[in-house]
J.: 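Dropping the structure in here first, questions after.
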Amino acid sequence: MNKNNITHLIKPGALIALTTSLVIGCVSQQPKSNEQQANPLVPASKFDLSHWKINVLVDLDNDGKIDEIDVKKIQTYSHPDFFYLDDKGYMVFTSPNKALTSANSTNTRSEFRQMLRGANTKIKTKSPKNNFALAVHPLSDRFGSIGGKMEATLKVDHVALRATDPSKNAAYSVVVGQIHAGKDQALIDTKLGYGWGNEPLKIYYKKWPGHKTGSVFWNYERNLPKTDPNRTDIAYPVWGNTWENPNEPGNAGIALGEEFSYTVNVYKNVMHLTFSTAGKNDVSYSINLGNNVDAYGNVDEKDHPHGYAADWHYFKAGAYNQCSTKNAKGIWYPGCLGTGDWATDKQNGDYAQVSFSKLVLSPVSYTHLRAHETCA
């Protein structure tokens with residue numbers, strides 16, 4: 001898509017606080033503070049968290065909202081139940097089925113949100129300088145970066161065990177990495193088909209109760225309004241099954257506590273994904289996020305013809321529990337059990353937990369890309 005096709009349609013204010021200065025999307029290792037060094041259970045004592053904030057599903061400041069820990073505060077922050085460094089050096093994210101949630105969500109999360117601005121709070125969270133764009137975006141030079149890269153090595157320790165409607169796809173699953181497109185009402189008002197706040201990437205782990213192993217897969221959400229019946233997630237297998245398949249993955253799957261890695265490398269307009277784990281072949285996908293061609297090279301007539309071309313984006317990582325306690329129509333509401341009391345819910349297995357041994361943000365990588373990338 002030619003940038004000029006959409007540039008003239010974007011209203012002033014549809015992209016908040018545009019400026020021509022850039023924030024480099026590089027995350028360098030920061031010196032540890034005295035407090036970090038004195039408290040080895042603080043995740044920032046081992047992991048570079050200089051470009052992450054976190055939502056933790058408690059309300060310790062009593063403002064009626066889920067607590068949000070910014071880049072500055074996270075350098076000395078941990079929570080003994082939901083975000084901490086364990087005795088083996090893993091950064092642990094825990095999310096019970098029933099707890100405080102972020103606005104407009106019925107799913108709990110202990111999860112990072114990328115902050116390209118670092119600790120510079122003069123730059124607003126939704127500012128282009130705090131988010132990345134695709135190269136095809138008509139104002140791509142205004143953003144903190146064009147594309148970017150996230151690498152993680154992790155293990156899923158636990159997924160929720162009890163759902164009243166296990167046939168719902170989201171039951172027994174947790175999202176461990178995402179690319180989120182920004183929710184932007186001004187952009188929606190342009191009627192270009194952007195700004196809905198959809199997700200071009202969600203990396204899932206799902207394990208049915210009683211199974212030996214679980215499955216790793218990733219989903220692409222069609223970039224359509226919430227009211228459009230075609231707005232749904234397309235699942236792509238990595239190891240084991242995709243989310244609707246109740247069969248035992250066996251040796252093809254990934255067990256709880258078994259490490260695996262993912263790399264998300266968004267170069268120009270193409271999202272390159274690589275998944276690896278010991279004893280199995282690497283799995284790779286590439287998909288152009290600026291059109292409606294799927295990861296198998298087929299045109300998806302139901303998707304937006306220009307994909308996520310004019311959206312703004314950010315990475316997320318942690319434990320985004322998909323076992324909503326809401327019981328309603330649709331694949332997202334399996335009616336998972338939970339009381340809201342952490343001790344009780346932990347004992348009953350009504351939670352998700354994910355532990356990272358590596359989580360790194362960096363500028364986009366230009367090497368090891370597929371041959372067709374040069375045509376993107």
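The figures here come from the full heavy-atom set of this structure, side chains too, leaving out hydrogens, waters and symmetry mates.
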J.: Do Ser324 and Gln322 pair up side chain to side chain, a donor and an acceptor below 3.5 Å, judged on atom types alone?
T.: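 Side-chain D/A pair, Ser324 to Gln322: absent.
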
J.: Given side chain to side chain contact (heavy atoms under 4.5 Å, CB included), test Tyr333 with Thr325 step by step and report yes or no.
T.: CA-CA 7 Å; Tyr333 308 120; Thr325 55; over 6 Å; no

J.: Test Leu85 against Lys46 for side chain to side chain contact (heavy atoms under 4.5 Å, CB included), laying out the working first.
T.: CA-CA 8 Å; Leu85 202 65; Lys46 179 177 178 181; 4.2 Å; yes

J.: Applying the 4.5 Å side-chain criterion to the ILVMFWY set and letting contacts propagate, would Val238 and Tyr236 be lumped into a single cluster?
T.: yes

J.: Would you call Lys226 and Asp228 a salt bridge, taking side-chain N to carboxylate O under 4.0 Å as the test?
T.: no

J.: Passes side chain to side chain contact (heavy atoms under 4.5 Å, CB included), Ser173 versus Val159? Steps please.
T.: CA-CA 6 Å; Ser173 69; Val159 290; over 6 Å; no

J.: Angle class for the His304/His306 ring planes (parallel below 30°, perpendicular above 60°, tilted otherwise)?
T.: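 If you compare the ring of His304 with that of His306, the planes turn out tilted.
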
J.: Checking side chain to side chain contact (heavy atoms under 4.5 Å, CB included) between Leu289 and each of Asn223, Leu134, Val270, which is the one that passes?
T.: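 Only one option passes, and that is Leu134.
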
J.: Are any of the side-chain heavy atoms of Val283 and Trp239 separated by less than 4.5 Å?
T.: yes

J.: Regarding Asn97 and Asn321, do their side chains bring together a donor and an acceptor under 3.5 Å, going by distance alone?
T.: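 A donor-acceptor contact under 3.5 Å links the two side chains.
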
J.: Got Arg222 and Asn230 here, is their nearest side-chain heavy-atom distance under 4.5 Å?
T.: yes

J.: So, the side chain of Lys206 versus the backbone of Asn169: is there a donor-acceptor pair under 3.5 Å, distance only?
T.: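 A pair under 3.5 Å: yes.
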
J.: Hydrophobic cluster membership, with links at side-chain heavy-atom distances under 4.5 Å among I/L/V/M/F/W/Y: are Phe132 and Met115 in one?
T.: no

J.: Quick one, Lys129 and Arg142 - any side-chain contact, counting heavy atoms below 4.5 Å?
T.: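 No; the side chains remain at least 4.5 Å from each other.
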
J.: Within a strict 4.5 Å, meaning less than it, do heavy atoms of the Lys53 and Thr125 side chains meet?
T.: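 Yes, their side chains come closer than 4.5 Å.
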
J.: Could you tell me whether Phe217 and Tyr204 have their ring centroids closer than 6.0 angstrom?
T.: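 Judged by ring-centre distance (under 6.0 Å), Phe217 and Tyr204 do meet the cut-off.
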
J.: Quick one, Ile54 and Ile69 - any side-chain contact, counting heavy atoms below 4.5 Å?
T.: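 Of all side-chain heavy-atom pairs linking Ile69 with Ile54, at least one is under 4.5 Å.
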
J.: For Asn281, look at atom CG and say whether over 12 heavy atoms of other residues, nucleotides or ligands are found less than 6.0 Å away.
T.: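 Not more than 12 within 6.0 Å, no.
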
J.: Determine whether Val354 and Phe83 fall in the same hydrophobic cluster, where Ile, Leu, Val, Met, Phe, Trp and Tyr are linked whenever their side-chain heavy atoms lie under 4.5 Å apart.
T.: yes

J.: Is there a ring pair (Phe, Tyr, Trp, His ring centres under 6.0 Å) between Phe47 and Phe356 once you walk through the steps?
T.: CA-CA 10 Å; Phe47 293 83; Phe356 287 74; 8.0 Å; no

J.: Testing the 3.5 Å rule here: is there a donor-acceptor pair between the side chains of Asp341 and Thr339?
T.: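 No pair is found: no donor N or O on one side chain lies under 3.5 Å from an acceptor on the other.
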
J.: Is there a donor-acceptor pair closer than 3.5 Å between any side-chain N or O of Thr213 and the backbone N or O of Gly250?
T.: yes

J.: Are Lys316 and Gln114 packed together at the side-chain level, in the sense that at least one heavy-atom pair is separated by less than 4.5 angstrom?
T.: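 No, their side chains stay 4.5 Å or more apart.
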
J.: Determine whether the aromatic ring centres of Tyr220 and Tyr308 lie less than 6.0 Å apart.
T.: yes

J.: Looking at the rings of Trp243 and Trp332, which for Trp means the six-membered one, are their centres under 6.0 Å apart?
T.: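 Yes - the distance between ring centres of Trp243 and Trp332 falls below the 6.0 Å cut-off.
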
J.: Looking just at side-chain N and O atoms, do Asn55 and Arg113 make a donor-acceptor pair shorter than 3.5 Å?
T.: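 There is no such pair between these side chains.
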
J.: Quick one: do Leu201 and Leu154 end up in the same hydrophobic cluster if we chain Ile, Leu, Val, Met, Phe, Trp and Tyr together by side-chain heavy atoms under 4.5 Å apart?
T.: yes

J.: What are the two closest heavy atoms between Ala181 and Pro200, and how far apart are they?
T.: N-CD, 4.2 Å

J.: According to the interplanar angle, ranging from 0 to 90°, do the rings of Trp218 and Tyr285 count as parallel (below 30°), tilted (30 to 60°) or perpendicular (above 60°)?
T.: perpendicular

J.: Going by atom types only, do Asp48 and Ser50 share a side-chain donor-acceptor pair under 3.5 Å?
T.: yes

J.: May I ask you to say whether Asp70 pairs ionically with Lys73, meaning some side-chain N is under 4.0 Å from a carboxylate O?
T.: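 Salt bridge: no.
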
J.: Can you establish whether the number of heavy atoms outside Lys280 located under 6.0 Å from its atom NZ is more than 12?
T.: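 Yes, because the 6.0 Å sphere around NZ of Lys280 holds more than 12 heavy atoms from other groups.
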
J.: Within a strict 4.5 Å, meaning less than it, do heavy atoms of the Ser276 and Phe260 side chains meet?
T.: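 Result no, sub-4.5 Å side-chain heavy-atom pair not found.
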
J.: Could you check whether Lys202 pairs with Asp233 (Lys NZ or Arg NE/NH1/NH2 to Asp/Glu carboxylate O, under 4.0 Å)?
T.: yes

J.: How are the rings of Tyr314 and His180 set relative to one another: parallel (under 30°), tilted (30 to 60°) or perpendicular (over 60°)?
T.: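 If you compare the ring of Tyr314 with that of His180, the planes turn out parallel.
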
J.: Can you tell me how far apart CD1 (Ile123) and CZ (Arg117) are? Round to the nearest 0.5 Å.
T.: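 Between Ile123 CD1 and Arg117 CZ, I get 7.5 Å after rounding to 0.5 Å.
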
J.: Does Gln185, at its CD atom, have more than 12 non-hydrogen atoms belonging to other residues, nucleotides or ligands within less than 6.0 Å?
T.: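 Buried by this count: over 12 neighbours within 6.0 Å.
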
J.: Show the numbers, then the answer: is there a side chain to side chain contact (heavy atoms under 4.5 Å, CB included) between His272 and Val264?
T.: CA-CA 6 Å; His272 300 275; Val264 184; over 6 Å; no

J.: Under 3.5 Å, is there a donor-acceptor pair linking the side chains of Ser355 and Asp157?
T.: yes

J.: Between Tyr320 and Phe93, is the ring centroid distance below 6.0 Å?
T.: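 For Tyr320 and Phe93, the ring centres are not under 6.0 Å apart.
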
J.: To the closest 0.5 Å, what do you measure between CZ (Phe112) and NE2 (His51)?
T.: 13.5 Å

J.: To the nearest 0.5 Å, what is the distance between OG on Ser145 and NE2 on His313?
T.: 11.0 Å

J.: Answer yes or no: is there an ion pair linking Lys126 with Asp184, defined by an N-O contact shorter than 4.0 Å?
T.: no

J.: Flag the pair Lys98 and Asp350 as a salt bridge only when some basic side-chain nitrogen lies within less than 4.0 angstrom of an acidic carboxylate oxygen.
T.: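 Salt bridge absent between Lys98 and Asp350.
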
J.: Would you check if the side chain of Asp300 reaches a backbone N or O of Asn292 as a donor-acceptor pair within less than 3.5 Å?
T.: no

J.: For the backbone of Leu224 and the side chain of Asn198, can you confirm whether one donor and one acceptor N or O come within less than 3.5 Å of each other?
T.: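 Yes, the answer is positive, given that a donor and an acceptor are paired below the 3.5 Å cut-off.
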
J.: Looking at every heavy atom in both Pro43 and Ser78, which two are closest together, and how far apart are they?
T.: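 Looks like CD-CB, 3.8 Å.
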
J.: Please examine the side chains of Leu139 and Pro128, heavy atoms only from C-beta on, and report whether any two atoms are closer than 4.5 Å.
T.: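 Heavy-atom side-chain distance check fails, nothing below 4.5 Å.
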
J.: Tell me whether Asn131 contacts the main-chain N or O of Ser127 through its side chain, where contact means a donor paired with an acceptor under 3.5 Å.
T.: yes

J.: Specify the closest pair of heavy atoms between Asp303 and Asn291, including all atoms of both residues, with the distance to one decimal.
T.: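 For Asp303 and Asn291, the tightest heavy-atom pair comes out as OD2-O, 4.4 Å.
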
J.: Taking a hydrophobic cluster as the set of Ile, Leu, Val, Met, Phe, Trp and Tyr residues connected by side-chain heavy atoms closer than 4.5 Å, whether directly or through intermediates, do Ile203 and Leu256 fall within one such cluster?
T.: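 As far as the 4.5 Å side-chain criterion goes, Leu256 and Ile203 are connected within one cluster.
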
J.: With sequence neighbours left out, which residue pairs that include part of residues 251-260 fulfil the side-chain hydrogen bond (donor to acceptor under 3.5 Å, both in side chains) condition?
T.: Tyr90-Glu259, Lys212-Asn251, Glu259-Ser357

J.: Checking Thr164 side chain against Pro334 main chain: does a donor-acceptor pair fall under 3.5 Å?
T.: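 Yes, because the side chain of Thr164 sits within donor-acceptor range (under 3.5 Å) of the backbone of Pro334.
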
J.: Closest approach of Leu100 and Thr108, non-hydrogen atoms and distance?
T.: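 The pair with the smallest heavy-atom distance is O-CG2, 4.0 Å.
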
J.: Ring centroid separation for His158 and Tyr351, is it under 6.0 angstrom?
T.: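 Ring centroids of His158 and Tyr351 are less than 6.0 Å from each other.
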
J.: Testing Phe143, Tyr194, Trp312 one by one against His137 for a ring-ring contact (aromatic ring centres under 6.0 Å, His included), which residue passes?
T.: Phe143

J.: How long is the straight-line distance from CH2 of Trp52 back to CD of Glu111, given to the nearest 0.5 Å?
T.: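 That separation rounds to 9.0 Å.
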
